[in-house]
Amino acid sequence: MDYIAHIREKDGKIQTTTEHSIEVKQACEDSGSKIGLRYLAGLSGWLHDMGKNTLSFKSYIEEAAANPDNPPRRGSVDHSTAGGKLLYDRFHRGAKTSLDKLTAECVANCIISHHQGLRDFLDPQSSSPFLDRVANKELPDYEQAKAVFLRSVGDAEFEQYFAEARKELAEVLERIQKHALPPIVFSLVMKYIFSCLIDADRTNTRQFEEDEAPEAPFDSTAFFNRCYDLLMKKIRGFDRDRNASHPINRLRREMSDQCEAFALERPSGIYTLSIPTGGGKTLASLRYAIKHAIATGKERIVYIVPYTTIIEQNAAEIRDILQEHDLILEHHSNVVEEIGEETEDYDVRKKKIRLARDNWDRPIIFTTMVQFLNTFYAKGTRNIRRMHRLVNSVLIFDEVQSVPLKSISLFNAALNFLHFFGRSSVVLCTATQPALDYVKHHLRLSERPEMIGSLDKVAQRFKRVEIEDRTEPEGWGAERLAEFVGERLEEVRSVLVILNTKTAVRKLFDRLAKDPRTGESGTRLFHLSTNMCAAHRKNVLAEMIAALEAEERVVCVSTQLIEAGVDISFECVIRSLAGLDSIAQAAGRCNRHGKDAIRKVYIVKSADEVLTRLPEMKTGAQITERLLYEFRQSPERFGHELLSAAAMNAYFRYFFHQMKEEMDYPIPQLDHKMFDLLSANKMYYEAYKNKHGRAPEILSRSSFATAERYFEAIGNAAASVLVPYNEDAESLILDLNGELDSRKLGDLLRKAQKYVVNIYDHEMRKLIRNEDVYPLLHGHVLALRKVAYSDLAGVETDGEGEWETAVI
């Protein structure tokens with residue numbers, strides 16, 4: 001008898017369980033073999049649907065196909081437990097070795113979890129959801145499913161395959177021990193196997209339903225060779241520029257050349273690229289990445305940045321150079337709302353939505369830190385599906401100092417996994433390197449990790465600004481600060497003011513608008529807003545840059561997000577007291593191209609800022625205040641430069657020491673830390689022993705589901721909203737109200753990305769209360785009513801909140 005995995009909707013064709021399982025097994029093997037997990041991943045694919053080898057499931061799926069409008073209750077026949085139970089019964093109960101047990105646990109959890117997300121081995125209730133499923137759950141048709149599977153594959157072949165998987169796991173444990181890696185890395189190995197299974201299962205299901213042939217392998221080497229030729233054509237073109245002989249441009253070329261040499265000389269590893277702000281790190285890091293990918297056979301280059309504004313800017317620049325628009329993917333703000341959980345037939349039932357979303361199947365990807373962290377740690381099956389795309393890749397982390405403090409240990413664990421197991425190369429790219437190798441759960445930087453030689457000398461040659469401390473104990477209010485801006489405008493034509501809170505920005509902007517020197521004298525007064533969509537921000541930035549290039553009088557008031565990745569240059573920057581890394585980033589917006597004499601960056605203290613609800617910012621400001629004092633006492637200790645590598649290293653060491661309890665992702669609701677939940681998990685282990693009077697009958701301890709339930713990379717973001725910024729956006733909103741085929745839907749959603757705004761919880765509540773948002777695509781996309789969007793502030797959550805959301 002042929003048992004059924006799927007019945008194609010359009011023509012009733014059957015995909016047998018054997019066909020589906022073998023095809024998923026092969027796809028899992030292909031992904032697993034990239035990092036030496038061929039058999040572990042393959043075993044999960046082979047057994048994941050063993051429970052479909054029953055008369056009960058055959059009747060269930062035939063009835064569902066015959067009665068699509070009134071199908072049997074979803075999940076009424078459990079088919080995902082049987083394969084995990086077989087591994088547990090055969091290789092765990094009475095196992096000869098602990099390695100047998102651990103192999104069975106590792107793969108069985110992936111199998112039983114492929115509809116929801118990995119189960120807890122131990123949970124907060126001192127139970128084991130894993131054991132409850134594989135050891136204690138009644139499965140009426142289990143013996144039939146087992147007999148059918150073993151009869152089809154052969155007992156000896158199955159035993160031999162498991163033995164190969166066990167051998168791979170032994171090598172995993174040896175590598176962890178060799179490099180003294182924490183137990184969380186083993187949890188990430190398990191997540192990788194799960195990623196292989198989820199992607200293989202969902203992809204095979206979709207290909208069958210769509211009657212698609214598997215895609216041919218992509219020739220990444222040929223692609224990267226083409227990219228290298230085009231990039232070098234662009235770089236050589238700089239030599240013909242009229243400013244090519246400027247010292248800053250010569251230094252940029254030298255650093256770019258060093259990056260290419262480094263790509264060829266050094267093996268895969270974790271490295272730092274500490275090019276000063278404005279030093280051309282985007283193209284220099286791309287040059288390293290492409291050359292290293294060619295030299296080492298890497299499949300993919302992934303840029304990870306903190307903000308979507310940087311993605312938009314960098315991706316556009318690189319697309320323009322490489323002319324490979326379809327092969328460069330941006331993945332940041334999702335228009336499609338994450339509703340419900342993905343299942344194996346998610347691609348079938350909601351294929352229009354699924355096909356429109358990005359799944360990281362391109363050779364060059366731009367994404368955000370949030371998406372990167374979600375891939376490893378967020379709940380469910382959607383994010384983890386992408387994890388296997390990150391191995392054998394070059395990962396460039398731009399502005400890496402922006403890693404959320406609470407996620408630092410998790411971030412370090414992910415990078416250590418990608419290097420030691422994933423065979424990937426990682427580059428931490430920033431002018432303000434955080435001391436990630438200093439913290440307790442530290443990053444394993446490679447030997448001699450810095451790509452640029454003689455950093456202090458480079459910094460001196462690249463010097464474009466001078467820092468001047470104007471802080472006073474009581475701080476300056478908006479009145480005094482506005483006077484100071486006016487005084488600076490007597491010396492320069494452009495001033496950027498960066499403050500720490502929206503309230504302080506609002507007060508200063510209002511004061512400047514009323515000041516004759518700034519509000520009524522022809523001075524262009526600008527702000528930017530994260531409540532503006534990307535297209536809106538782009539237009540405002542373009543207008544401001546044009547004004548700067550025309551040498552008009554320009555003042556911009558902003559919070560700190562303008563510091564990262566915005567290619568803009570002012571003659572003077574005023575920065576409210578903050579972390580030294582923020583001050584350095586702010587300085588990068590001053591005299592960016594070194595065309596002027598040395599310009600001033602002033603550090604001030606705002607009296608209008610209340611930082612009690614911003615503890616990280618408050619601590620950073622306090623530590624910078626300490627460094628300012630130490631610098632005044634012993635400037636030679638920092639090479640007579642407040643922004644020297646020595647000063648930055650001291651800042652991060654002070655900061656991380658003071659905030660050390662916050663870096664393992666504390667979960668106040670559990671009085672526990674997420675890093676521990678995915679590591680030794682001693683607290684839950686001891687709680688289980690106390691409750692049951694014995695140790696758990698499993699070796700694995702990770703609380704996957706619990707950790708994922710509480711993980712939030714940034715926090716507070718409620719949803720993404722499509723906004724009616726212009727006629728094009730309004731037309732897209734109208735089109736998304738109609739019935740669309742999957743290809744057109746995908747095109748529309750890609751176009752819509754530039755008209756999306758991320759809305760936070762408190763803002764969304766106001767918009768809903770005012771009935772200013774409404775659903776499209778059966779609730780999968782939210783759109784904003786025109787009355788709630790303004791040219792000045794972007795999304796307006798209420799009539800009086802314009803300036804609260806008007807500044808970055």
Side-chain angles (χ1 to χ4, degrees), residues 1-9 13-25 27-28 41-68 71-90 104 107-119 129-153 158 193-194 196-206 208-209 340-349 380-381 385:
M1 180 184 293
D2 286 334
Y3 294 93
I4 302 172
H6 303 107
I7 299 175
R8 188 153 59 214
E9 185 178 344
K13 183 175 180 179
I14 288 172
Q15 183 187 39
T16 68
T17 303
T18 299
E19 290 168 341
H20 176 62
S21 297
I22 291 298
E23 289 167 9
V24 171
K25 169 177 172 276
C28 284
L43 191 60
S44 72
W46 206 7
L47 287 169
H48 80 287
D49 271 357
M50 191 187 95
K52 291 185 176 180
N53 290 321
T54 67
L55 293 174
S56 297
F57 189 84
K58 188 171 186 291
S59 298
Y60 164 84
I61 197 168
E62 287 174 338
E63 184 181 347
N67 301 288
R73 181 175 60 85
R74 182 174 183 81
S76 56
V77 179
D78 178 354
H79 71 270
S80 60
T81 301
K85 184 174 177 59
L86 173 61
L87 288 176
Y88 183 81
D89 288 347
R90 187 154 186 147
V107 180
N109 199 346
C110 294
I111 292 168
I112 68 172
S113 304
H114 75 274
H115 284 287
Q116 290 179 286
L118 288 169
R119 297 294 199 282
F130 170 77
L131 280 176
D132 290 343
R133 189 74 177 268
V134 298
N136 304 326
K137 185 176 182 179
E138 290 293 327
L139 287 179
D141 299 312
Y142 169 66
E143 292 299 331
Q144 180 189 7
K146 180 175 72 171
V148 171
F149 174 76
L150 292 176
R151 188 164 59 243
S152 69
V153 305
F158 181 53
I193 296 168
F194 191 53
C196 296
L197 171 60
I198 295 299
D199 192 48
D201 182 31
R202 307 299 192 260
T203 299
N204 184 261
T205 299
R206 191 199 76 239
F208 171 74
E209 180 62 28
E341 184 47 72
E342 187 176 44
T343 64
E344 69 170 15
D345 65 349
Y346 181 84
D347 286 346
V348 178
R349 291 177 175 271
T381 59
R385 181 176 178 178

Is there a side chain to side chain contact (heavy atoms under 4.5 Å, CB included) between Val107 and Trp46? Walk through the geometry before answering. CA-CA 11 Å; Val107 180; Trp46 206 7; over 6 Å; no

Given side chain to side chain contact (heavy atoms under 4.5 Å, CB included), test Leu197 with Val24 step by step and report yes or no. CA-CA 7 Å; Leu197 171 60; Val24 171; 4.2 Å; yes

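The side-chain contact (heavy atoms from CB on, under 4.5 Å) search around Thr18 returns Thr16, Ile22, not counting sequence neighbours. Every side chain to side chain donor-acceptor pair (under 3.5 Å) that Glu23 has, sequence neighbours left out, goes to Gln15, Asn204.
In this structure the side chain of Leu43 reaches within 4.5 angstrom of the side chain of Leu87, judged on heavy atoms. Side-chain atoms of Tyr142 and Asp89, non-hydrogen and from C-beta on, do get closer than 4.5 Å to each other. Looking only at side-chain heavy atoms (C-beta outward), Asp78 and Arg133 come within less than 4.5 Å of each other. Contact check for Phe208 versus Glu19: no side-chain heavy atoms found under the 4.5 Å cut-off. You'll find the side chain of His114 reaches within 4.5 Å of the side chain of Ile198, heavy atoms only. The shortest distance between side-chain heavy atoms of Met50 and Ile111 does not fall below 4.5 Å. Side chains of His20 and Asp201 form a contact here, defined as non-hydrogen atoms less than 4.5 Å apart. Under the 4.5 Å side-chain criterion, counting only non-hydrogen atoms from C-beta, Tyr3 is not in contact with Asp49.
Between the side chains of His115 and His48, no donor N or O sits under 3.5 Å from an acceptor N or O.
In this structure, Asn136 CG and Lys85 NZ are separated by 8.0 Å, a value rounded to the nearest 0.5 Å. Taking CD from Glu62 and CG from Leu55, the interatomic distance works out to 9.5 Å, rounded to the nearest 0.5 Å.
Taking each heavy atom of Cys196 and Ala41 in turn, the nearest pair found is CB-CB, 4.2 Å. Of all heavy-atom pairs spanning Cys28 and Ser44, the tightest one is SG-OG, 4.2 Å. Ala27 approaches Ala200 most closely through the heavy-atom pair CB-CB, 3.6 Å. The nearest pair of heavy atoms linking Phe57 to Ala5 is CE2-O, 4.3 Å. Closest approach of Pro68 and Ala65 over heavy atoms only: CD-O, 3.6 Å. Pairing each heavy atom of Arg119 with each of Ile112, the nearest pair is NH1-O, 3.5 Å.
Within 6.0 Å of NZ in Lys13 there are 12 or fewer heavy atoms belonging to other residues, nucleotides or ligands.
In this structure, Glu9 contributes its side chain and Glu209 its backbone to no donor-acceptor pair below 3.5 Å. Using a distance-only test at 3.5 Å, with no hydrogens or angles considered, no donor-acceptor pair links the side chain of Thr54 to the main chain of Ala145.
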Under 3.5 Å, side-chain donor or acceptor atoms of residues 146-153 against the rest of the protein: list the pairs with distances, not counting sequence neighbours.
from	atom 1	to	atom 2	distance (Å)
Lys146	NZ	Glu143	OE1	3.4
Ser152	OG	Val148	O	3.4
Ser152	OG	Phe149	O	2.7

